[in-house]
2 protein chains.
Amino acid sequence: MIISRKSRYVYNPLLEEDKLAAELEKQGKHVIKLNAGDPAAYFKTPSYIINAFVEALKEGRTAYANAAGVKELREAIAERYWRMYRSSISPESIVVTQGVSEAIDFINAIMLNPGDAAILFRPYYPLYPLYLLENGGKPIFENYYESLSWNIDTEKLEKTIKKNARKKPKYMLITNPNNPTGTVLDRKVLEEIVELANNYGIMLISDEIYDEIVFSNAKFTSISEIAKGMPYAILNGASKAYDATGFRLGYVLLPEHDAKSEQLLAKLVDYAQARLSASTPAQYAFAKALVNSKEHEKQVRSMVKEIEERVGLATKLINKSKHMHVVEPQAAFYLFPKVNLKQLGFKNDKEFTESLLKEEQVQLSRGSGFGAEGYVRIVGLAQKDILSLAINKIIEFCERHAKEA
Amino acid sequence: MIISRKSRYVYNPLLEEDKLAAELEKQGKHVIKLNAGDPAAYFKTPSYIINAFVEALKEGRTAYANAAGVKELREAIAERYWRMYRSSISPESIVVTQGVSEAIDFINAIMLNPGDAAILFRPYYPLYPLYLLENGGKPIFENYYESLSWNIDTEKLEKTIKKNARKKPKYMLITNPNNPTGTVLDRKVLEEIVELANNYGIMLISDEIYDEIVFSNAKFTSISEIAKGMPYAILNGASKAYDATGFRLGYVLLPEHDAKSEQLLAKLVDYAQARLSASTPAQYAFAKALVNSKEHEKQVRSMVKEIEERVGLATKLINKSKHMHVVEPQAAFYLFPKVNLKQLGFKNDKEFTESLLKEEQVQLSRGSGFGAEGYVRIVGLAQKDILSLAINKIIEFCERHAKEA
C-alpha cells in the first residue's frame with residue numbers, strides 16, 4: 001500500500017457526486033448544481049476588484065511576496081477590522097493564506113500532536129474534521145441545535161467540556177455565520193462561549209468568512225468584538241464577501257498576544273514560509289478592494305439583498321413540502337433542511353442525494369458529509385427561476401418516492 | 001506547549017536572514033539580496049502572459065476551478081511534454097498545485113507513514129526534508145558529488161539503497177537541473193538512476209522546475225524521456241521558465257499507470273479537493289502561455305541567454321578568489337561555492353553569511369540550510385553591475401577576514 005494512513009481522511013464529501021454529474025452531462029442531460037458554495041459562479045466579481053487585479057499585474061506584481069502576506073494587504077485587513085468592528089489589530093498579527101482551507105490545515109498541523117483533542121460542532125464544515133484527523137487529532141463533537149435555530153447550547157457545551165477535561169482540548173472551532181445552516185450565533189451565546197473558552201483555557205477559533213453576507217433582520221457579532229485578553233483566532237478571506245473564490249486568499253487574525261498566540265503566530269509564519277508565498281497579484285488586488293470600502297459596500301449590499309431574496313424564496317418553497325423542513329437562514333447562502341427519509345423509502349441521505357441527481361439531475365450535498373445524517377445542504381445562489389425549478393423538482397421527487405415507499 | 005512536535009521541522013532557512021536584512025534597511029543601509037531564486041523579481045513577467053491573465057480576469061474566470069486543475073491547463077501541460085520531450089501524457093495524469101511546494105507537501109503526506117524512509121540527495125532544496133520530516137518521514141541521504149561536477153555517483157547510490165533495503169524507501173527525489181548547484185544530471189547517470197529505481201521498486205520523483213533554464217553547452221534530459229513502464233513523478237510549474245513565481249502554479253505528472261501511481265494520483269486529487277482550488281485566473285493565464293510556444297520560446301531564450309551571462313560572470317569572479325571555489329553551473333541561476341571558512345576564521349557557514357550581511361550588506365544563503373556545511377548559495381539573477389559589485393564585496397570581505405584570522 002503506497003497510501004499513508006492519515007491520508008485516508010483526506011476526502012471532500014462536497015465534491016463526491018461531481019463524477020456522476022459529469023457522466024450525466026456527457027449523456028446530454030442538464031444538471032442543476034446546488035452544491036457549490038461559490039458566489040463568484042453566480043455573481044460577477046465586481047469590476048473594481050478586477051481592475052485592481054489588472055493594475056497589480058500591469059505594475060509587475062508577479063514575483064514571490066512576503067510569505068505571511070504583503071504589507072499593504074495586512075494593513076488593509078487591520079483597517080477593515082477597525083472599520084467594521086472597532087477591533088484594533090496589528091498587521092503583524094495577520095497571516096495571509098491560500099484560502100481559509102490552508103489556514104485550517106496550518107492551524108491543525110501546528111496545534112495537534114497525534115491523539116490531541118479539539119472541539120467541533122455538528123453540523124460542521126467538512127474540511128474541519130478532515131484536517132483535524134489528517135493531523136492526528138481526535139474530534140470532540142458538540143452540536144448546533146436545530147431546536148435552537150441552530151445556535152449553540154452553552155450549558156450542554158460546558159458539560160461536554162467538563163466531560164472531556166482530561167483530554168485538554170487544544171481548540172474549539174465555531175463557524176459564524178454558519179455553513180451549512182446559515183445561522184448567525186446570538187451575541188449572548190457568543191459571550192458565553194468566550195467565557196467558557198477563557199475559563200477552561202481552550203483557544204477559540206471563529207471562522208467568520210460569511211461575516212458580510214448577513215440578512216436584513218439578523219445581527220452578526222465578531223469574536224473580535226467580545227474576546228479581549230484571551231488568545232483567539234479569526235479566519236476570514238476574499239472568497240465570499242469580495243466574491244472572489246478563485247483568487248485563493250484567506251487570512252488568520254491572532255489579535256491577542258499571550259504566550260500561546262505568539263507561538264501560534266510564529267509557527268503560522270513558518271508554515272507560510274515553507275510554501276513561499278500566496279498569489280502576489282491577488283494580494284495587491286485584495287488590498288485595494290479592502291481599502292475601497294465605498295465601492296465594496298455598494299456591491300456587497302446589492303449582492304446580499306439578492307442572495308437574501310433567493311434564500312428566502314428557497315426557504316418558503318422547501319417548507320411547503322411535507323417531506324422537508326428548514327430553519328430559515330439568517331446569513332451566508334445555504335439551506336440545511338431535514339428530509340423525512342424514512343417516509344420516502346431511503347435508507348440514508350447519501351442514497352437520497354444520489355437518486356435525486358440521477359432522477360432529477362439536481363445536485364445537492366448530503367448532510368452526513370457535515371456530520372448530520374438525514375439532512376441535505378442546498379446552496380441558494382442560483383437565480384430565482386432556476387432555484388424554484390430545482391426545488392420544485394426536489395419536492396416532486398419526494399412526493400413520487402413517498403407514494404412508492 | 002501549544003506547538004506540535006512535527007511543526008518544529010517547519011522552518012525555511014532560505015528566509016532566516018530576512019529579519020536582519022530588514023533591520024539593516026531600516027537603518028538606511030542598502031542590502032544586495034542574492035538569496036531569492038525569484039526570476040520575476042529581476043525579469044519582467046512576459047507581457048503575453050500578463051495579457052493572458054488580464055483576459056482571464058475580464059472573462060470572469062474568478063470562481064473556484066476544478067480542484068485538480070482546469071481542463072485547458074492540464075491539456076496544455078500534456079501538449080508541452082509532447083512538444084518538448086515527445087512524452088505522451090494524459091491530462092488526467094496531471095494535478096495542478098499551488099506551486100511545487102504544495103506538490104512536495106502533498107506527496108510526502110500521501111506516501112509517508114511515521115518512520116517511513118525516503119532518499120534525498122545532499123545538497124538538497126531545503127523544503128524536501130522539511131516536508132518529509134513534518135510528515136513523520138526519515139530521510140536517507142545520498143549525495144551529489146562536487147568532484148563529479150555535482151552529479152550522482154550511481155555506484156554509491158546503489159550501495160546506499162542496498163544498505164537501507166530493510167527500510168524500504170518510499171521514494172527517491174532528484175532535482176534536475178539542480179538547486180542549489182546549477183548542475184544538469186548526465187543522461188547516462190539518469191538512465192542508471194531509473195534502472196535502480198525500477199530494480200529496487202522505489203518511486204522516482206524528479207523536480208524539473210528548471211528544465212528550460214539550461215545553458216548553451218549543457219543538455220537536459222527529462223525523466224519522462226527515459227522512465228517507461230515504471231511509476232515516476234515529475235514536478236514542474238509556471239514559476240521559473242514562465243517567470244511567474246507569484247502566480248503560485250505548479251503541477252505533478254504521473255505518466256505511468258500502475259497500482260502505485262494510480263493510488264498516488266487519486267490521493268493527490270483528494271488533497272487538491274480538500275483545499276478546493278488553485279488560483280483560477282492564473283490557471284487560464286498559464287494555459288494560454290503554454291500554448292503560445294512561439295512567444296514563449298522567444299522570451300525564455302532571451303532570459304536564459306542573459307542569465308547564462310550573469311552566472312558565467314559570477315563564476316569567473318568567484319573563482320578568482322583564493323578563498324572560494326565554485327563548479328561552473330550548467331543551468332538554473334544558482335552558484336554554490338565552497339568557502340574556506342577555517343582560513344577566514346569562521347566556525348561555520350551561518351556565521352559567515354551573518355557577518356557578510358552585517359559587514360557588507362550582501363545577503364546569501366548558508367550551505368548548511370541545504371545540508372552542505374561550508375558552502376554558500378549565491379543567486380546569479382541580479383544585473384551584471386550589481387552582481388559584480390556584490391561578489392567583489394564578498395571577495396574583499398574574505399580577504400579582510402583572512403588577514404584578521
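Order of the sequence lines fixes the chain letters, A, B, ..., with proteins taken first and strands second; residue numbering starts at 1 for each chain. Here the structure is a predicted model, which is why all the values come from computation and not from measurement.
If you tally non-hydrogen atom pairs under 4.5 Å between each of B:Ala274, B:Gly246, B:Ser279 and chain A, the highest count goes to B:Gly246. The candidate from B:Lys44, B:Met203, B:Glu134 with the greatest count of non-hydrogen atom pairs under 4.5 Å with chain A is B:Glu134. Contact tally against chain B (heavy-atom pairs below 4.5 Å) for A:Ser101, A:Ser277, A:Ala40, A:Ala63: the top residue is A:Ala63. The most heavy-atom pairs under 4.5 Å with chain A, out of B:Thr62, B:Thr280, B:Asp270, come from B:Thr62. For the set B:Tyr42, B:Phe106, B:Tyr171, B:Phe53, the count of heavy-atom pairs under 4.5 angstrom toward chain A peaks at B:Phe53. Between chain A and the residues B:Asp38, B:Thr45, B:Leu249, the most heavy-atom pairs under 4.5 angstrom are made by B:Asp38.
For the residue pair B:Glu102 and B:Tyr271, no side-chain donor N or O sits within less than 3.5 Å of a side-chain acceptor on the partner.
A:Leu112 touches chain B through its backbone: at least one of N, CA, C or O sits under 4.5 Å from a heavy atom, while the side chain does not. Both the backbone and the side chain of B:Leu57 have a heavy atom closer than 4.5 Å to some heavy atom of chain A. In this structure, chain A has no heavy atom under 4.5 Å from any part of B:Ala259. Contact annotation for A:Ala278: only backbone heavy atoms (N, CA, C, O) come within less than 4.5 Å of a heavy atom of chain B. For A:Ile110, the parts lying under 4.5 angstrom from a heavy atom of chain B are both the backbone and the side chain. For B:Ala244, the part lying near chain A is the backbone, with the side chain staying farther off; criterion is any non-hydrogen pair under 4.5 Å. If you measure heavy-atom distances from A:Tyr131 to chain B, the contacts under 4.5 Å come from the side chain alone. Both the backbone and the side chain of A:Asn135 come within contact range of chain B, judged by heavy atoms closer than 4.5 Å. For B:Arg61, no part lies near chain A; criterion is any non-hydrogen pair under 4.5 Å. Looking at A:Ser7, both its backbone and its side chain come within 4.5 Å of chain B, counting heavy atoms on both sides. With a threshold of 4.5 angstrom between heavy atoms, B:Lys267 approaches chain A through side-chain atoms but not through N, CA, C or O.
A 4.5 Å side-chain heavy-atom check between B:Arg275 and A:Gln98 finds every atom pair outside the cut-off. Taking 4.5 Å as the limit, every side-chain heavy atom of B:His257 sits out of range of all side-chain heavy atoms of B:Pro231. Residues A:Phe370 and A:Tyr334 are not in side-chain contact: their nearest non-hydrogen atoms beyond the backbone lie 4.5 Å or more apart. You'll find the side chain of B:Phe43 reaches within 4.5 Å of the side chain of B:Leu381, heavy atoms only. Using a 4.5 Å heavy-atom cutoff, the side chains of B:Leu264 and B:Met111 are in contact. A:Glu16 places a side-chain heavy atom less than 4.5 Å from the side chain of A:Tyr11.
Taking a cutoff of 4.0 Å between a charged side-chain nitrogen and a carboxylate oxygen, A:Glu59 and A:Lys288 qualify as a salt bridge.
Here CG of A:Leu15 is found 7.5 Å from CG of A:Asn35. Values are rounded to the nearest 0.5 Å.
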Please step through side chain to side chain contact (heavy atoms under 4.5 Å, CB included) for the pair B:Lys33 and B:Val379, ending with a clear verdict.
CA-CA 8 Å; B:Lys33 293 173 187 177; B:Val379 174; over 6 Å; no
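Separation of the A:Phe247 and A:Phe286 ring centroids does not fall under the 6.0 Å cut-off.
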